[in-house]
Engineer: 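My questions will all concern the structure given below.
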Amino acid sequence: QVQLVESGGGLVQAGGSLRLSCAASGTIFSINSMGWYRQAPGKQRELVATIINGVNTNYADSVKGRFTISVDNAKNMVYLQMNSLKPEDTAVYYCQAVVRVSTSRFTYLYWGQGTQVAVSS
């Protein structure tokens, strides 16, 4: 019912910037939260940033001050502006959404397919 598609990944040099986008489509009654997670090779998937009800944000300590999460509620899109990128930011970045698909109280968690970010030194 709901699909998340990420875009904007690529290869950049340390100190550069990228802006990731995630578009949510399908049967969406409302979006409770959206977020970005990342997984480096051989590492556990970790939280990068979340935004709840389009207002409240949380960031991993490792990206605080460098990354900014934002949403366009009208378009059901979430963005991650990444500045001052470091080699340790290299990972596959995944979009996540927690949504309601009807007037029921149930919520559903969806993941995108991921987009690769590689930062060279």
Engineer: Find the distance between OH (Tyr37) and CD (Gln96) and round it off to the nearest 0.5 Å.
Structural biologist: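 Result: 4.0 Å between the selected atoms.
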Engineer: Is it the case that atom CD in Gln13 sees more than 12 heavy atoms from other parts of the structure closer than 6.0 Å?
Structural biologist: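 Open.
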Engineer: How would you list all residue pairs meeting disulfide (SG to SG under 2.5 Å) that involve residues 8-112, not counting sequence neighbours?
Structural biologist: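 Listed by first then second residue: Cys22-Cys95.
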Engineer: Hey, could you give me each pair passing disulfide (SG to SG under 2.5 Å) that has a residue in residues 25-83? Not counting sequence neighbours.
Structural biologist: none
Engineer: Pairs of donor and acceptor atoms involving the side chains of residues 46-56, under 3.5 Å and at least two apart or interchain, shall be tabulated with distances.
Structural biologist:
{"from": "Glu46", "atom 1": "OE2", "to": "Arg38", "atom 2": "NE", "distance (Å)": "2.7"}
{"from": "Glu46", "atom 1": "OE2", "to": "Arg38", "atom 2": "NH2", "distance (Å)": "3.3"}

Engineer: Taking the side chain as C-beta and beyond, is there a heavy-atom pair between Val99 and Gln1 under 4.5 Å?
Structural biologist: no
Engineer: Are Ile28 and Val101 connected into the same hydrophobic cluster when the rule is that any two of I, L, V, M, F, W, Y join if their side-chain heavy atoms are below 4.5 Å apart?
Structural biologist: yes
Engineer: With rounding to the nearest 0.5 Å, note down the distance linking CG in Asn73 to CD1 in Ile31.
Structural biologist: 7.5 Å
Engineer: Let me have the donor-acceptor pairs involving side chains of residues 108-121, under 3.5 Å, with sequence neighbours excluded, atom names and distances please.
Structural biologist:
{"from": "Gln113", "atom 1": "NE2", "to": "Glu6", "atom 2": "O", "distance (Å)": "3.4"}
{"from": "Gln113", "atom 1": "NE2", "to": "Glu6", "atom 2": "OE1", "distance (Å)": "3.2"}
{"from": "Thr115", "atom 1": "OG1", "to": "Gly9", "atom 2": "N", "distance (Å)": "3.3"}
{"from": "Gln116", "atom 1": "NE2", "to": "Ala91", "atom 2": "O", "distance (Å)": "3.2"}

Engineer: Is it possible for you to say whether Leu18 and Val92 belong to one hydrophobic cluster, with membership spreading through side-chain heavy-atom contacts below 4.5 Å?
Structural biologist: no
Engineer: Determine which pairs satisfy disulfide (SG to SG under 2.5 Å) with at least one residue from residues 35-72, sequence neighbours left out, and list them in order.
Structural biologist: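 Applying disulfide (SG to SG under 2.5 Å) to every pair that reaches into residues 35-72, excluding sequence neighbours, yields nothing.
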Engineer: Could you measure the distance from the CZ atom of Phe67 to the CG atom of Leu20? Nearest 0.5 Å is fine.
Structural biologist: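 If we round to the nearest 0.5 Å, Phe67:CZ and Leu20:CG are 8.0 Å apart.
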Engineer: Are Met34 and Ile69 linked, directly or through other ILVMFWY residues, by side chains that come within less than 4.5 angstrom of each other?
Structural biologist: yes
Engineer: Using distance only, find each side-chain donor-acceptor pair of residues 76-87 under 3.5 Å and give its atom names and separation, not counting sequence neighbours.
Structural biologist:
{"from": "Gln81", "atom 1": "NE2", "to": "Asn83", "atom 2": "OD1", "distance (Å)": "3.0"}
{"from": "Asn83", "atom 1": "OD1", "to": "Ser17", "atom 2": "OG", "distance (Å)": "2.9"}

